[in-house]
Amino acid sequence: MTYASSVQPPRVAVWLLDLFTPYKQTESILGDLLEEFSDVASKSGVVYARGWYWRQSVRTILHLVRSEFRVAPWSIAGAVVGGVLLVQLGHAFTEGGIRTWNEFLSHHVHRVSRFDLFLMNSGMYLWRLAVSMLIGCIIAFACKSREMLATITVSLVCSIQAVTGFWTFLHGWSPPLHIVLIVAPLYFFGGLFAIVVGGGIVRKYRFRFLRPARS
Amino acid sequence: MSSRDYLGEFEHIVILALLRLSDQAYGVTVRQEIEVRTGREVSIGAIYATLGRLETKGYVNSHLGDPTPERGGRSKRFFRVTTKGVAAVNRTHRALRSMTDGLRLARRHSQ
């Protein structure tokens, strides 16, 4: 094994490419980039080669994303509209359910257990995260090979509402620092990441079953 | 004949690269061929997005080769131009030729 072939490309870039490339092309794109990376590393050094790999990865992802939007604009738009509605519904039901549970506990249960206390304090955040991840999985499942594109777009659209909500929440009073830095961001923005994570999970599992056949 | 029967500029370049490379046409060689001949730096994503589109139109087909260790055990995807693809190239060339016939591009450019 030569020095150049023992040097590996940036892992994060490989991971991102793995997430964003169409199933049929993932193996060949990663192989092509690795082949050229080894060549560039032996000619120009590892640092330059890593920079080259990052540039290629970013340009490749942007190109493939643009191409997907051009090829199937309506199916992506449909998935995004459906996904945003699902997020709204999911969050409304979750919050409604948790509030009802909390009211039930405070009115009917005199000795609240530790688990109930935990649910009362953190339940809303955890359920919101879990429901968001589940919604991310549903959107990704419906979108076939465009899991990441669809979930990221849904997440970006929902982020407008999250930023507005975050701003409204903080505006007009001075909450403690831990609420500004941890609790509120987790509540408003955690769900957005969870949607994308859900998309990534479906993508990974689906990829295992859809490896291209050698023909 | 609809406008879809003609190749786009980059599609045209990619198909010509495939024809030049013949049996050795895969992502790396196609990218390098285009860079060397046109001086245009292209990403591997641009090549694959275009090849994917051409494959959907039936202008090229592809098959996977054997996995190789220098590619981390990954296979090369080889591409070949179909008869329909060659016809599309010829049609596009004819259209370009008939549009440029009689134009003195070099002289106009230098004026």
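Lettering of chains follows the sequences in order, A, B, ..., and the numbering in each one begins at 1.
For the 3.5 Å distance criterion, the side chains of A:Gln56 and B:Ser43 fail to qualify, holding no donor opposite an acceptor.
Neither the backbone nor the side chain of A:Leu62 comes within less than 4.5 Å of any heavy atom of chain B. For chain A, the nearby parts of B:Glu41 are the backbone and the side chain; heavy atoms of each come within less than 4.5 Å. For a residue to count as touching a neighbouring chain, one of its non-hydrogen atoms must lie under 4.5 Å from one of that chain's; by this rule A:Arg55 does not touch chain B. For A:Ser28, the parts lying near chain B are the backbone and the side chain together; criterion is any non-hydrogen pair under 4.5 Å.
Note that the CD atom of A:Gln25 and the CG atom of B:Leu51 stand 8.0 Å from one another [nearest 0.5 Å].
More than 12 heavy atoms of other residues, nucleotides or ligands sit less than 6.0 Å from atom CZ of B:Phe10. Within a 6.0 Å sphere centred on OH of A:Tyr187, heavy atoms belonging to other residues, nucleotides or ligands number more than 12. In B:Gln32, the CD atom is crowded: over 12 heavy atoms of neighbouring residues, nucleotides or ligands sit closer than 6.0 Å. Heavy atoms of other residues, nucleotides or ligands lying less than 6.0 angstrom from CZ of A:Arg59 number more than 12.
Of the possible polar contacts, one joining the A:Glu27 side chain to the B:Ser75 backbone as a donor-acceptor pair under 3.5 Å is found.
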Quick one, A:Asp32 with B:Arg71, criterion salt bridge (Lys or Arg N to Asp or Glu O under 4.0 Å). Give me CA distance, side-chain angles, the key distance, then yes/no.
CA-CA 7 Å; A:Asp32 286 351; B:Arg71 293 168 59 88; 2.8 Å; yes
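Here the closest non-hydrogen pair linking A:Thr60 and B:Gly45 is OG1-N, 3.1 Å.
Contact tally against chain B (heavy-atom pairs below 4.5 Å) for A:Leu30, A:Leu64, A:Ile61: the top residue is A:Leu30.
Applying the side chain to side chain contact (heavy atoms under 4.5 Å, CB included) test between B:Tyr48 and each of A:Thr26, A:Ile29, A:Thr21 identifies A:Ile29 as the sole match.
Between B:Tyr26 and A:Glu35, some side-chain heavy-atom pair lies under the 4.5 Å cut-off.
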